[in-house]
Student: 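Sharing a structure below in structure tokens format, with a few things to ask.
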Amino acid sequence: MPSPLDLADLPFLRDALVEVLLLGTAGGLLSAWIVLRRLAFFTHAVGSATFPGLVAADASGISPLLAGTVVALGYAGGVERAGRAGREPSEATALLLVAALAAGVVLASDVFQSGAAVDRLLFGTLLGLDSTDLGASAAIVALVALASLTLGRTWSAIAFDPDGAPALGLPAARADFLLLALVAVAAVAAIPAVGALLVAAIYVLPGAAARLVARTIPALLGWSLALALAEGVIGLYGAYWLDLPPGPPVAVLGALTYAALALGIGMRGARVGAAAA
């Protein structure tokens with residue numbers, strides 16, 4: 001069993017640890033808003049939607065970060081327009097997920113013959129994280145923190161009273177689009193570490209678990225941030241120990257945390273109900 005101190009001693013793990021801490025900070029804050037605005041499916045979908053573009057960019061020498069950002073923002077804009085038109089985008093999103101994953105695998109295996117890129121792009125890697133990845137994640141942390149401070153009140157109002165928010169003078173439509181765009185860009189920044197398929201492990205699961213125990217918006221943000229950081233660091237150590245990409249251990253840990261909290265709250269509620277009876 002490796003020493004946890006290796007995370008700080010080994011250079012490649014030290015970079016991965018910094019990346020996980022940055023993504024955990026961004027994910028902890030952003031996942032609270034994602035859960036409140038019911039954007040979990042969108043968050044998962046936007047990561048998968050970028051997969052073919054990332055494969056093509058990786059094989060063609062184009063910056064995957066740039067290609068992924070363009071695709072993700074385009075997808076976010078399409079979802080926002082569909083919402084304004086009153087259409088339900090879930091069916092189109094489901095079809096897009098299947099088509100994007102299939103197209104990405106075909107491109108990687110048959111067109112570019114870079115099958116190794118599939119595992120790396122889908123599930124992340126401990127190796128190969130560079131200053132560009134760290135810089136992108138740091139920028140996302142700054143954007144998420146700034147957006148939470150300036151738009152958090154608006155997002156909260158829309159989440160709890162979407163019809164009444166415009167009456168308060170809040171720019172609801174613009175705030176919604178900015179949240180979609182922020183999620184899209186944040187998802188792309190997380191792909192090198194956790195992969196396109198598992199961005200929800202950072203941007204959905206902490207907020208979902210936090211909502212089980214939090215009763216106020218500040219508490220939701222605090223719990224979500226703490227869970228995202230803890231799951232990221234422990235998941236990174238698990239990935240190093242088991243020689244796995246970091247995405248799957250972080251995802252499994254997040255899912256187990258949610259399940260444990262839900263089970264514990266359910267059992268407590270059952271005991272309270274039995275005692276009252």
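The chain is numbered in sequence order, starting from 1. Keep in mind that the numbers below use all heavy atoms, side chains included, and drop hydrogens, waters and symmetry copies.
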Student: Nearest 0.5 Å, what's the CD1-CG distance between Ile234 and Leu253?
Tutor: 5.5 Å

Student: Using the test side-chain contact (heavy atoms from CB on, under 4.5 Å), find all partners of Leu178 that sit at least two apart in sequence or belong to another chain.
Tutor: Leu151, Arg174

Student: Calculate, to the nearest 0.5 Å, the distance between atoms CG and CZ belonging to Leu261 and Arg211 respectively.
Tutor: 14.5 Å

Student: Heavy atoms, side chains only, cut-off 4.5 Å: are His44 and Val204 in contact?
Tutor: no

Student: Is any side-chain heavy atom of Ile217 less than 4.5 Å from a side-chain heavy atom of Leu36?
Tutor: yes

Student: Considering non-hydrogen atoms only, spot the tightest contact between Leu65 and Ala136 and give its length.
Tutor: CD2-CB, 3.9 Å

Student: Roughly how far, to the nearest 0.5 Å, is the CG atom of Leu182 from the CG atom of Leu73?
Tutor: 10.0 Å

Student: List for me each residue that meets side-chain hydrogen bond (donor to acceptor under 3.5 Å, both in side chains) alongside Tyr258, sequence neighbours excluded, and say none if there are none.
Tutor: none

Student: Once you round to the nearest 0.5 Å, how far does CG of Leu236 lie from CG of Leu244?
Tutor: 11.5 Å

Student: Who passes side-chain hydrogen bond (donor to acceptor under 3.5 Å, both in side chains) against Ser148, sequence neighbours left out?
Tutor: Trp33

Student: Could you check if a side-chain atom of Phe42 sits within less than 4.5 angstrom of a side-chain atom of Ile34, using non-hydrogen atoms only?
Tutor: no

Student: Looking at every heavy atom in both Gly24 and Leu225, which two are closest together, and how far apart are they?
Tutor: O-CD1, 3.9 Å

Student: Can you measure from CG (Leu179) to CD1 (Ile158) and round to the nearest 0.5 angstrom?
Tutor: 8.5 Å

Student: Give, for atom CG of Leu22 and atom CD1 of Ile202, the distance between the pair rounded to the nearest 0.5 Å.
Tutor: 10.5 Å

